[in-house]
There are 2 protein chains.
Amino acid sequence: MEILDETDLKILRILQENAKLTTKEIADQLHLTASPVYERIRRLEKKGYIKNYVAILDKKKLNRPVTAICMVSLRYHNEGFIDTFEKQIKELVEVQECYHMAGKVDFFLKIHLESLEMYHEFVRTKLSKIQNIGVLESYFVLKEIYNTTTIAF
Amino acid sequence: MEILDETDLKILRILQENAKLTTKEIADQLHLTASPVYERIRRLEKKGYIKNYVAILDKKKLNRPVTAICMVSLRYHNEGFIDTFEKQIKELVEVQECYHMAGKVDFFLKIHLESLEMYHEFVRTKLSKIQNIGVLESYFVLKEIYNTTTIAF
DNA sequence: CCATATTCAGAAAAATTTGCTGATAGTTCT
DNA sequence: AGAACTATCAGCAAATTTTTCTGAATATGG
């Protein structure tokens, strides 16, 4: 399997929306039997098209209603500094996403917290402890309009 | 079950990392048998702590290697304008996340695309077609440092 | 202290996954 | 065109997992 055919793509589209469907249910949608679908999913997993399967939880129910987005610029941009920064960011459990960006801002962070007060604490006790942060700009989510793990293809 | 006990929390922590574990495997980690774990998961699903189960796919393998982050400010901020904007954004399959923000920027968008050229096309043919956009600032991800669906609790 | 409700373990039934076999279709080479 | 090879698929059977049920143990509240 060098290239994916339309059946593979359909399977991936289905699984990224709902990973709890049985192979039989997927097979029915595709007018196939369970075994070819089963074999294809195994291949897609092995080849790395499917990275993993996860449960998506309700942030608010778990008392993490605040989402902050944080834009960080470093003071110095040597290779070593960037690597250290990345390493330290990964230690912070509050950080769900971190991207190294092109442009005037170096990093984007998405952070989930219990409250605005906890964000203050987070910045005070954790972020500000990281060396080499130049500028730190914070934004807060008023409302999640749309948030999916799905990608369109 | 009004409040979650430590066992429930542990189950949720496990499932958001790997939803493919069997109830038996989870039960072993918690030194329980399968049935109580099974029943707890069902309850967590029904009560909405678990929203859904999804497969996480490899963006690059599926030819969506470019992630753009886009900050949008509206020209007018009447209720109607905001609602329309939200509705139109949800139609764009390239947009994976959209947040209404507090502050000088109104919306954050995370967008997955085939190439920088496709971003140009996306802005030209889709984003710019949306009425009422005042300022549009684009950022591109150089490197994904960290990206998880997990939340810490 | 008793009644009620909740949680848990174990067993059994139902459903699903997984592995295997043979048939079919598509490809390549001669 | 035809033979050999490969990949894909359907169907079946075994192994595993999910799901349901029952009764015991524990906690809760009056």
Side-chain angles (χ1 to χ4, degrees), chain A residues 1-64 148-153, chain B residues 1-64 148-153:
Chain A
M1 180 182 60
E2 259 325 298
I3 188 118
L4 306 181
D5 64 12
E6 191 52 39
T7 302
D8 291 317
L9 297 179
K10 281 179 186 163
I11 290 172
L12 290 174
R13 288 190 195 109
I14 291 170
L15 286 176
Q16 74 172 342
E17 299 276 353
N18 181 1
K20 267 297 151 82
L21 294 174
T22 64
T23 55
K24 179 80 175 65
E25 289 169 321
I26 297 170
D28 288 347
Q29 284 190 45
L30 305 179
H31 306 292
L32 293 172
T33 58
S35 358
V37 173
Y38 175 80
E39 285 162 11
R40 281 166 181 269
I41 292 174
R42 270 297 108 83
R43 258 184 310 174
L44 292 166
E45 290 169 354
K46 180 141 50 181
K47 297 273 181 183
Y49 291 92
I50 298 171
K51 295 204 287 189
N52 57 344
Y53 297 90
V54 303
I56 303 296
L57 308 184
D58 188 311
K59 291 188 282 293
K60 290 189 180 158
K61 283 214 165 75
L62 291 165
N63 196 30
R64 293 297 179 277
T148 179
T149 52
T150 299
I151 61 174
F153 56 88
Chain B
M1 180 183 62
E2 257 327 297
I3 188 119
L4 305 182
D5 65 12
E6 192 51 39
T7 303
D8 291 317
L9 297 179
K10 281 178 185 161
I11 291 173
L12 290 174
R13 288 191 196 105
I14 291 170
L15 286 177
Q16 74 172 343
E17 299 277 352
N18 181 0
K20 267 296 152 83
L21 294 174
T22 64
T23 56
K24 179 78 175 69
E25 288 169 319
I26 297 170
D28 288 347
Q29 285 190 44
L30 305 178
H31 306 292
L32 292 171
T33 57
S35 1
V37 173
Y38 175 81
E39 285 163 11
R40 280 167 180 270
I41 293 174
R42 272 295 110 82
R43 257 185 310 174
L44 292 166
E45 290 169 354
K46 180 141 50 182
K47 297 272 182 186
Y49 290 93
I50 299 171
K51 294 204 286 187
N52 56 343
Y53 297 90
V54 302
I56 303 296
L57 307 184
D58 188 311
K59 290 187 281 293
K60 289 187 182 160
K61 283 214 167 73
L62 292 164
N63 195 30
R64 294 295 179 277
T148 178
T149 51
T150 299
I151 61 175
F153 56 89

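Everything numeric in this text was worked out from a predicted model, so none of it was measured. Chain letters run A, B, ... following the sequence lines, proteins first and then strands; every chain starts at 1. Note: hydrogens, waters and symmetry copies are ignored here, and every other heavy atom, side chains too, is used.
- The side chain of Thr23(B) places an N or O atom within less than 4.0 Å of a non-bridging phosphate oxygen (OP1 or OP2) of dT18(D).
- Two residues are said to be in side-chain contact when any heavy atoms from C-beta on lie closer than 4.5 Å; Val54(B) and Thr148(A) fail this criterion.
- Taking side-chain N and O atoms only, Arg40(B) has no distance below 4.0 Å to OP1 or OP2 of dT7(C).
- Closest to the Arg42(A) side chain, of the nucleotides dT18(C), dA9(C), dC9(D), is dT18(C).
- To the nearest 0.5 Å, atom OG1 of residue Thr149(B) and atom CD of residue Gln16(B) are 6.5 Å apart.
- Rounded to an integer number of Å, the gap from CG of Leu32(B) to P of dA9(C) is 5 Å.
- A straight line from NE2 of His31(B) to C1' of dA9(C) spans 16 Å, rounded to a whole angstrom.
- Residue contacts shown for Thr22(B) are limited to sugar-phosphate atoms, with no base heavy atom under 4.0 Å away.
- Distance Asp5(A) CG to dA25(C) C1': 14 Å, rounded to the nearest Å.
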Checklist entry - How far apart are the C-alpha atoms of Tyr49(A) and Asp8(A), what are their side-chain angles, what is the distance that settles it, and do they pass the side-chain contact (heavy atoms from CB on, under 4.5 Å) test? => result CA-CA 10 Å; Tyr49(A) 291 92; Asp8(A) 291 317; over 6 Å; no
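- Atom CD1 of Ile26(B) and atom C1' of dT17(D) are 12 Å apart (whole Å).
- Between dT19(D), dT8(D), dA9(C), one nucleotide has an atom nearer to the side chain of Tyr38(B) than all others, and that is dT19(D).
- The residues Glu45(B) and Arg42(B) are annotated as salt-bridged, a charged nitrogen and a carboxylate oxygen being separated by less than 4.0 angstrom.
- Atom NZ of Lys24(A) and atom P of dA14(C) are 18 Å apart (whole Å).
- Neither OP1 nor OP2 of dT6(C) sits under 4.0 Å from any side-chain N or O of Arg43(B).
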Checklist entry - Asn18(B) and Asn52(A): side-chain contact (heavy atoms from CB on, under 4.5 Å), yes or no, with the steps? => result CA-CA 7 Å; Asn18(B) 181 0; Asn52(A) 57 344; over 6 Å; no
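- Atom CZ of residue Arg13(A) and atom CG of residue Leu57(B) lie 10.5 Å apart, to the nearest 0.5 angstrom.
- Atom-to-atom, CD of Glu39(A) to P of dA7(D) comes out at 13 Å; the value is rounded to the nearest Å.
- Atom CD1 in Ile11(B) sits about 12 Å away from atom C1' in dC8(C), given to the nearest Å.
- Under the 3.5 Å distance criterion, the side-chain polar atoms of Glu17(B) are left unmatched by any main-chain donor or acceptor of Ile14(B).
- Note: CG (Leu21(B)) to C1' (dT18(D)) measures 15 Å, nearest angstrom.
- Contact annotation: Ser35(A) does not reach the phosphate of dA10(D) (side-chain N/O to OP1 or OP2, under 4.0 Å).
- Annotation: the terminal axes of the helix from dC1(C)-dG30(D) to dT30(C)-dA1(D) meet at 40°, where each axis is the rotation carrying the C1' atoms of four end pairs onto the next four (5 pairs per end, rounded to 10°).
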